[in-house]
Amino acid sequence: STMSFSEAEVQSARGAWEKIFVDAEDNGTTVLVRMFTEHPDTKSYFTHFKGMDSAEEMKQSDQVRGHGKKVFAAINDMMQHLDNSEAFLGIVNPLGKKHATQLKIDPKNFRIICDIILQLMEEKFGGDCKASFEKVTNEICTHLNNVYKEEGW
């Protein structure tokens, strides 16, 4: 399946993403802490985070910060290839495969994390910023879900 982003959509999505990616570690951390706080079951996948109950404690954790940075770096790689389906899927597919087969992460968590990113964008930069990025999150989640289907989820 190929992606259909117009040149204008690519530009505005990249512009929106750049705003939040400037502070990748802090924003990535905020996204994860929100996910763990609002959806505590998601913590069960991360052995190091299991015992952490307070958002403050999570925010200080090197593991949480490191994973937040990793998530943002992966999305940033995808953002470079919105206009090239093959390259985009070259990043999404192995990521999906790893989460499906090795980590056994429920795919609904990708939608959760994308929605929290959109929420943070809206809070910090307004509705237009969020709207520009929404299609990207839909593509990411759709392609990740396809990988999961191929892996028999």
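Worth saying up front: this structure is predicted, and the values here are computed from it rather than measured. Only heavy atoms go into these numbers, but all of them, side chains included; no hydrogens, no water, no symmetry mates.
- A 4.5 Å side-chain heavy-atom check between M78 and E139 finds every atom pair outside the cut-off.
- For T137 and R111, the side-chain atoms include at least one donor-acceptor pair closer than 3.5 Å.
- No side-chain donor-acceptor contact under 3.5 Å links R65 to the backbone of Q60.
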Checklist entry - Taking it one step at a time, do R14 and D83 satisfy salt bridge (Lys or Arg N to Asp or Glu O under 4.0 Å)? => result CA-CA 11 Å; R14 282 186 180 151; D83 38 17; 3.5 Å; yes
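- Ion pairing between a basic and an acidic side chain is recognised when a charged N comes within 4.0 Å of a carboxylate O; K59 and D26 show no such pairing.
- I20 is listed as a side-chain neighbour of F72, based on a closest heavy-atom distance under 4.5 Å.
- One distance of note links OG of S4 with CG of L82; it measures 11.5 Å at 0.5 Å rounding.
- Looking at every heavy atom in both residues, N145 comes nearest to P107 through OD1-CB, 3.4 Å.
- Between E9 atom CD and S132 atom OG the span is 9.5 Å, to the nearest 0.5 Å.
- Annotation for F36 and T42: closest pair CD2-OG1, 3.4 Å, computed over non-hydrogen atoms.
- Between the side chain of N84 and the backbone N or O of H81, no donor-acceptor pair lies under 3.5 Å.
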Next on the checklist: Between M79 and F133, is the side-chain contact (heavy atoms from CB on, under 4.5 Å) condition met? List the steps.
Outcome noted: CA-CA 10 Å; M79 293 307 290; F133 199 65; 3.6 Å; yes
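- Shown here for E57 and D53, the closest heavy-atom pair between the two residues is OE1-N, 3.7 Å.
- By the 4.5 Å heavy-atom criterion applied to side chains, V71 and V31 are not counted as neighbours.
- Side-chain contact check for V64 versus F46: every heavy-atom pair is 4.5 Å or farther apart.
- Across T37 and V33, no two heavy atoms sit closer than the pair OG1-O, 2.5 Å.
- Put simply, the side chain of H48 does not reach to within 4.5 Å of the side chain of S61, judged on heavy atoms.
- Rounding to the nearest 0.5 Å places CG of L32 at 11.0 Å from NZ of K70.
- Between the CG atom in D128 and the NZ atom in K130 there is a gap of 11.5 Å [rounded to 0.5 Å].
- Contact detail for F88 and I140: the closest heavy-atom pair is CZ-CG1, 3.9 Å.
- Side-chain rings of F110 and Y148 approach one another, their centers coming within less than 6.0 Å.
- The line from CG of L144 to CD1 of I105 is 11.5 Å long, rounded to the nearest 0.5 Å.
- By the 4.0 Å N-to-carboxylate-O rule, D115 lies too far from R34 to be salt-bridged with it.
- Nearest heavy atoms, A13 versus V136: CB-CG2, 3.7 Å.
- The shortest side-chain heavy-atom distance between Q80 and I91 does not fall under the 4.5 Å cut-off.
- Other residues, nucleotides and ligands contribute only 12 or fewer heavy atoms inside 6.0 Å of the CD atom of E86.
- Between the E150 side chain and the V147 main chain, no donor and acceptor come within less than 3.5 Å of each other.
- In this structure the side chain of K149 reaches within 4.5 angstrom of the side chain of N146, judged on heavy atoms.
- Judged by distance alone, the side chain of K124 and the main-chain N or O of M121 form no donor-acceptor pair under 3.5 Å.
- Judged by a 6.0 Å distance limit and a 45° cone about the ring axis, K135 is positioned over the six-membered ring of F5.
- Taking the side chain as every heavy atom from C-beta outward, Y45 and L103 never approach each other to under 4.5 Å.
- Atom CG in L118 sits 5.0 Å away from atom CD in E134 (nearest 0.5 Å).
- Using modelled atom types and a 3.5 Å distance limit, the side chains of Q63 and H67 yield no donor-acceptor pair.
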